[in-house]
Structures are given as structure tokens and as C-alpha cells.
S.K.: 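My questions all concern the structure below.
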Amino acid sequence: MSMPSKWEIAQFWEQGRNRDEFAPHLSLVEPCCFACGWFSECWEERTPRARWRRARLERAHIVPRSLGGPDTADNLLLLCRPCHEDSPDWADPRQMARWIATRAERPSKEVETFQAWFAAASEAPEFRDAVASVATEQNAQERVMDLLQGLMAQAGTHFAVGTSPGTRVAVLRTAAEQIRSWDKHGMSDG
């Protein structure tokens with residue numbers, strides 16, 4: 001017997017009698033971590049089934065396979081990586097339900113990304129000052145966004161991390177230097 005798809009697991013828990021214990025955040029329309037509710041707001045796929053297939057969620061056993069748990073929908077949950085890594089590996093399913101009941105909610109991927117950039121900005125106050133120096137100029141917002149996108153295209157990423165906090169700070173500091181040069185040469189000279 002093959003492992004159920006993410007869509008099949010989500011459908012099972014949507015109708016499951018223990019849904020509130022094991023999948024309190026579940027919505028068939030928008031894929032999310034059953035334990036913390038984390039999700040991604042950006043979906044290109046039109047159907048819920050396609051969204052679930054592409055969702056960055058991992059199949060997690062309620063009772064681990066190593067302890068005799070089967071690869072069936074009633075023994076599988078869909079969890080984000082941090083929840084999967086933190087979840088209990090225990091033979092008693094009640095321990096998983098208790099763990100889920102106490103799991104803190106996480107914001108969406110997009111909110112987490114915004115929070116990460118906000119934290120980086122607090123470490124690069126020169127960026128705030130540079131933006132403030134050109135804020136009243138015509139097209140300043142578009143120009144700063146173009147600059148940031150160009151700098152991000154030059155940045156590397158860490159495997160399984162994406163853009164690191166240090167990279168965000170470096171991007172903002174480099175942007176501040178370039179924006180200050182606009183200020184010296186005038187916005188239109190770039």
C-alpha cells in the first residue's frame with residue numbers, strides 16, 4: 001500500500017471524528033500546518049487539490065512507523081517543518097493530540113518574511129535614514145523597490161533557510177549606501 005497524498009490526508013481529517021484534536025487549523029481550501037496553522041498566502045494553483053500537492057508541509061506519523069504506526073491517512077498529519085521536527089515520537093496517539101493542543105500558532109510565511117525584514121531594518125538604521133532622505137522625491141518608492149529587487153537578485157541563499165538574517169541586513173546596508181549616492185547626485189542621476 002502506498003503512502004496517501006497530502007490531499008487524501010487533508011480530506012480524511014476534514015471529515016475525521018478526531019479532527020479538532022489532530023487538525024484544529026485544517027481548511028481544505030487553503031493548505032496549512034495542522035498543528036500551528038502556518039500557511040503560505042501565495043497560491044498559483046487554482047484547485048485546492050493542486051494547492052495541497054504543492055504545499056510545503058510534511059507527512060508526519062501520529063504513531064511513528066518505527067513504533068508500529070501504519071502509513072494510512074488516519075495515522076498521518078500534515079505539519080510544517082518546525083512542527084514536524086518538534087512533534088513527539090511516541091506510541092500513544094494521545095501524546096500527539098496533547099502536543100498539538102499546546103502548540104503555539106505561527107503566522108503565515110508572508111508575515112514571517114515581513115517580520116524578518118523588519119528585524120533586519122532594526123539592525124540597519126542607515127537604511128531608514130537613507131529612505132527618509134529621498135522619501136519626498138518623485139518616484140522614490142518605485143526606485144527603492146527596484147534597488148532592493150536588484151540587490152536581492154545578487155544575494156545568495158542558504159539551503160533550507162532561504163535568505164538569511166545577515167543577508168537581509170547586508171542588502172539593506174548596501175541599499176542605504178546607494179540611496180545616499182542618489183542624494184548626493186540627485187535622484188534622477190541614479
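The residues of the chain are indexed from 1 along the displayed sequence.
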S.K.: Is Asp86 paired with Arg103 through a side-chain N to carboxylate O contact shorter than 4.0 Å?
M.R.: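 Counted as a salt bridge, because a side-chain N and a carboxylate O are separated by less than 4.0 Å.
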S.K.: Within this structure, what is the CD-OG distance for the pair Glu126 and Ser133, rounded to the nearest 0.5 Å?
M.R.: 12.0 Å
S.K.: Between the side chain of Lys109 and the main-chain N/O of Trp38, is any donor-acceptor distance below 3.5 Å?
M.R.: no
S.K.: Report yes if some heavy atom in the side chain of Arg94 is under 4.5 Å from a heavy atom in the side chain of Glu21; otherwise report no.
M.R.: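 No, their side chains stay 4.5 Å or more apart.
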S.K.: Would you call Leu76 and Met3 a side-chain contact if the rule is heavy atoms closer than 4.5 Å?
M.R.: yes
S.K.: Just by distance, with hydrogens left out, do Gln95 and Trp99 show a side-chain donor and acceptor under 3.5 Å apart?
M.R.: no
S.K.: Testing the basics here: between Ala91 and Val63, what is the closest heavy-atom pair and its distance to 0.1 Å?
M.R.: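 Result for this residue pair: O-CG2, 3.4 Å.
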S.K.: Any non-hydrogen side-chain atom of Trp52 less than 4.5 Å from a side-chain atom of Val29?
M.R.: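 No. Closest side-chain heavy atoms not under 4.5 Å.
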S.K.: Would you call Pro48 and Trp7 a side-chain contact if the rule is heavy atoms closer than 4.5 Å?
M.R.: yes
S.K.: In Å and rounded to the nearest 0.5 Å, what is the CD1 to CG distance from Ile100 to Leu77?
M.R.: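 Interatomic distance, Ile100 CD1 to Leu77 CG, rounded to 0.5 Å: 5.0 Å.
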S.K.: Would you find a donor on one side and an acceptor on the other, under 3.5 Å apart, between the side chain of Thr167 and the backbone of Thr163?
M.R.: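 Absent.
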S.K.: Minimum heavy-atom separation for Pro31 and Phe39, please, with both atom names.
M.R.: O-CB, 3.2 Å
S.K.: Quick one: does Arg173's side chain have a donor or acceptor within less than 3.5 Å of a partner on Glu123's backbone?
M.R.: yes
S.K.: State, yes or no, whether a side-chain contact exists between Phe34 and Ile9 at a heavy-atom distance under 4.5 Å.
M.R.: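 The answer is yes, as the side chains (C-beta and beyond) meet within the 4.5 Å cut-off.
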S.K.: Is any side-chain heavy atom of Met145 closer than 4.5 Å to one of Glu142?
M.R.: no
S.K.: So do the side chains of Leu148 and Met152 get within less than 4.5 Å of each other, counting heavy atoms only?
M.R.: no
S.K.: Are the side chain of Arg51 and the backbone N or O of Arg46 linked by a donor-acceptor pair below 3.5 Å?
M.R.: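 Side chain of Arg51 to backbone of Arg46: a pair is present.
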S.K.: Please round to the nearest 0.5 Å and tell me the distance separating atom SG of Cys83 and atom CZ of Arg106.
M.R.: 6.5 Å
S.K.: Any side-chain to backbone donor/acceptor pair from Lys6 onto Arg59? Under 3.5 Å, distance only.
M.R.: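 No, the answer is negative, given that no donor and acceptor are paired below the 3.5 Å cut-off.
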S.K.: Just checking, any donor-acceptor pair under 3.5 angstrom between side chains of His61 and Asp89?
M.R.: no
S.K.: Evaluate Met96 against Phe22 for side-chain contact (heavy atoms from CB on, under 4.5 Å), listing each step before the verdict.
M.R.: CA-CA 8 Å; Met96 180 66 85; Phe22 290 100; 4.1 Å; yes
S.K.: So, do Val171 and Trp117 sit near enough that their side-chain heavy atoms are less than 4.5 Å apart?
M.R.: yes
S.K.: Looking at Trp13, does the NZ or CZ of Arg19 lie under 6.0 angstrom from its six-membered ring centre and within 45 degrees of the ring axis?
M.R.: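 No, cation not above the ring by the 6.0 Å, 45° rule.
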S.K.: How many angstroms lie between atom CD of Glu177 and atom CG of Leu172, to the nearest 0.5 angstrom?
M.R.: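 Answer for the CD-CG pair, Glu177 versus Leu172, is 11.5 Å.
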S.K.: Determine the minimum heavy-atom distance between Leu57 and Cys32, stating which atoms define it.
M.R.: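 Of all heavy-atom pairs spanning Leu57 and Cys32, the closest is CD1-O, 3.4 Å.
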S.K.: Check the pair Ile179 / Phe127 against side-chain contact (heavy atoms from CB on, under 4.5 Å), numbers first and verdict last.
M.R.: CA-CA 8 Å; Ile179 292 168; Phe127 176 74; 4.2 Å; yes
S.K.: Quick one: pull up OG1 in Thr174 and CG in Leu147 and give me the separation to the nearest 0.5 Å.
M.R.: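 Between Thr174 OG1 and Leu147 CG, I get 9.0 Å after rounding to 0.5 Å.
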S.K.: Consider only side-chain heavy atoms of I, L, V, M, F, W and Y, link residues closer than 4.5 Å, and tell whether Leu79 and Phe12 are in one cluster.
M.R.: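 Cluster IDs for Leu79 and Phe12 match.
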S.K.: To the nearest 0.5 Å, how far apart are SG in Cys33 and CG in Leu78?
M.R.: 8.5 Å
